Amino acid sequence: MTLKGYIFDYGGTLDTGGQHWARVIWKAWQHHAVPVGEQQFREAYVYAERTLGRNPIVLPSYTFKKLLDVKLRLQMEYLFMKGWWTVDKQEFTRIHLSVLEYLYGIVLQQVAHSREVLLTLRERCPLVLVSNFYGNIETVLHEMKLSGIFSHVIESAVVGVRKPDARIFQLAVDAFARSVKPSPAPEELMVVGDSLTNDIIPASSIGCQAAWLSGEGWQLVEDSQIPTGTLVITDLRQLSDS
């Protein structure tokens, strides 16, 4: 069946190449020899994500670098609060900024790779973005030189629906129906994401095709969890090569 459009996830897909952000940050902490265990880090990571989800901390004007800065600070402050990591203020600041620059460099490199693939795919058919984000995704897209690539951007903080709720993918299908004639059926659209739970399973449930960008996830995945017919890829370039 000829594809008439792609629906892309952002975080973990376009910016880390399939690696869960917890994995990416944990590796950065190891690289900088931050003396905490992985389980302690996981707890700090969850604390920071929940804090950002429950409180209006992130402003629409926040760049991704600013968002990452806030996340790292929340994680590190949590470790201090729990007594799992103790350094003086000067060393805290040094490590915080060093990890931030290290991670931001990784993101810029990965997004540049993703941008090349997106531009190639856009020559074939329209692209839509669906993301669980904080209300600043448009700022981030501009920062990452991705503005104008997507015909529609559907952000959870704006539409009031979050993955894994399949309704957010239905909004993307509806967006295609308004802009592409004749309106494509869900099975003529492909959702591309790094999360089986948040992207692949809900998208498949409404009839969309799905491409799972398989990398280092938050948890181990069993083959039985992958919906039948899912395209499994390890690099977005495999989409443009197909």
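These values consider heavy atoms only, across backbone and side chains, with no hydrogens, waters or symmetry-generated copies. What you see is a predicted model, and the numbers here were worked out from it, not measured in a lab.
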Tell me, which pairs form a side chain to side chain donor-acceptor pair (under 3.5 Å) where one or both residues lie in residues 74-87, sequence neighbours left out? Glu43-Tyr78
Among Asn136, Ile57, Thr139, Leu72, exactly one meets side-chain contact (heavy atoms from CB on, under 4.5 Å) together with Leu67. Which residue is that? Asn136
Please tell me if the side chains of [X] and [Y] come closer than 4.5 Å, counting only heavy atoms from C-beta onward.
{"X": "Ile200", "Y": "Pro227", "value": "yes"}
{"X": "Val111", "Y": "Leu146", "value": "yes"}
{"X": "Trp21", "Y": "Tyr45", "value": "yes"}
{"X": "Val107", "Y": "Val24", "value": "no"}

How would you list, by chain and number, every residue that makes a side chain to side chain contact (heavy atoms under 4.5 Å, CB included) with [X], sequence neighbours excluded?
{"X": "Asp194", "answer": "Asp9, Thr13, Asp199"}
{"X": "Gln110", "answer": "His113, Ser114"}
{"X": "Leu119", "answer": "Arg115, Arg122, Ile149"}
{"X": "Glu138", "answer": "Leu141, Val153"}

Transitive ILVMFWY side-chain link [X] to [Y], under 4.5 Å:
{"X": "Leu129", "Y": "Ile168", "value": "no"}
{"X": "Met190", "Y": "Leu121", "value": "yes"}
{"X": "Val130", "Y": "Val191", "value": "yes"}
{"X": "Leu79", "Y": "Val99", "value": "yes"}
{"X": "Val159", "Y": "Val128", "value": "yes"}

Just verifying a value: how many Å separate [X] [atom1] and [Y] [atom2], rounded to the nearest 0.5 Å?
{"X": "Asn55", "Y": "Leu52", "atom1": "CG", "atom2": "CG", "value": "8.0 Å"}
{"X": "Leu118", "Y": "Ser240", "atom1": "CG", "atom2": "OG", "value": "9.5 Å"}
{"X": "Thr93", "Y": "Met76", "atom1": "OG1", "atom2": "CE", "value": "10.0 Å"}
{"X": "Ile95", "Y": "Leu100", "atom1": "CD1", "atom2": "CG", "value": "13.5 Å"}
{"X": "Ile201", "Y": "Phe169", "atom1": "CD1", "atom2": "CZ", "value": "11.0 Å"}
{"X": "Lys4", "Y": "Leu189", "atom1": "NZ", "atom2": "CG", "value": "9.0 Å"}

Residues in side-chain hydrogen bond (donor to acceptor under 3.5 Å, both in side chains) with [X], at least two apart?
{"X": "Gln109", "result": "none"}
{"X": "Ser98", "result": "His32"}
{"X": "Glu38", "result": "Arg23"}
{"X": "Tyr102", "result": "none"}

Please determine whether salt bridge (Lys or Arg N to Asp or Glu O under 4.0 Å) holds for the pair Lys66 and Glu143, giving the CA-CA distance in whole Å, both sets of side-chain angles, and the decisive distance to 0.1 Å. CA-CA 11 Å; Lys66 176 63 176 176; Glu143 172 191 13; over 6 Å; no
Looking only at heavy atoms, which two atoms of [X] and [Y] are closest? And how far apart?
{"X": "Thr63", "Y": "Val140", "value": "C-CG2, 4.2 Å"}
{"X": "Val232", "Y": "Ser214", "value": "CG1-CB, 4.0 Å"}
{"X": "Pro202", "Y": "Asn198", "value": "CG-O, 3.2 Å"}

Enumerate the ring pair (Phe, Tyr, Trp, His ring centres under 6.0 Å) contacts for residues 120-152, please, sequence neighbours excluded, ordered by first and then second residue. Tyr10-Phe133
Salt-bridge test for Lys65 and Glu101: reply yes if a basic N is under 4.0 Å from a carboxylate O, no otherwise. yes
Quick check against the 3.5 Å criterion: does [X] have a side-chain atom that pairs as donor or acceptor with the backbone of [Y]?
{"X": "Gln170", "Y": "Ala166", "result": "no"}
{"X": "Glu188", "Y": "Ala185", "result": "yes"}
{"X": "Ser151", "Y": "Leu127", "result": "yes"}

Specify whether His96 and Phe92 have parallel, tilted or perpendicular ring planes, treating 30° as the upper limit for parallel and 60° as the lower limit for perpendicular. parallel
Excluding sequence neighbours, so at least two apart, what forms salt bridge (Lys or Arg N to Asp or Glu O under 4.0 Å) with Glu91? Arg94
When you look at Val192 and Trp212, which way does the side chain to side chain contact (heavy atoms under 4.5 Å, CB included) test go after all the steps? CA-CA 6 Å; Val192 183; Trp212 176 40; over 6 Å; no
Worked check of side chain to side chain contact (heavy atoms under 4.5 Å, CB included) between Phe8 and Leu14: CA-CA 8 Å; Phe8 276 89; Leu14 300 182; 3.9 Å; yes
Distance-only donor-acceptor hits, side chain of residues 176-184, under 3.5 Å, sequence neighbours excluded:
from   : atom 1 : to     : atom 2 : distance (Å)
Ser179 : OG     : Ala175 : O      : 3.0
Lys181 : NZ     : Ala177 : O      : 2.7
Ser183 : OG     : Ala177 : O      : 3.2

Walk me through it: do Tyr104 and Asp69 pass the test side chain to side chain contact (heavy atoms under 4.5 Å, CB included)? CA-CA 10 Å; Tyr104 193 62; Asp69 183 358; over 6 Å; no
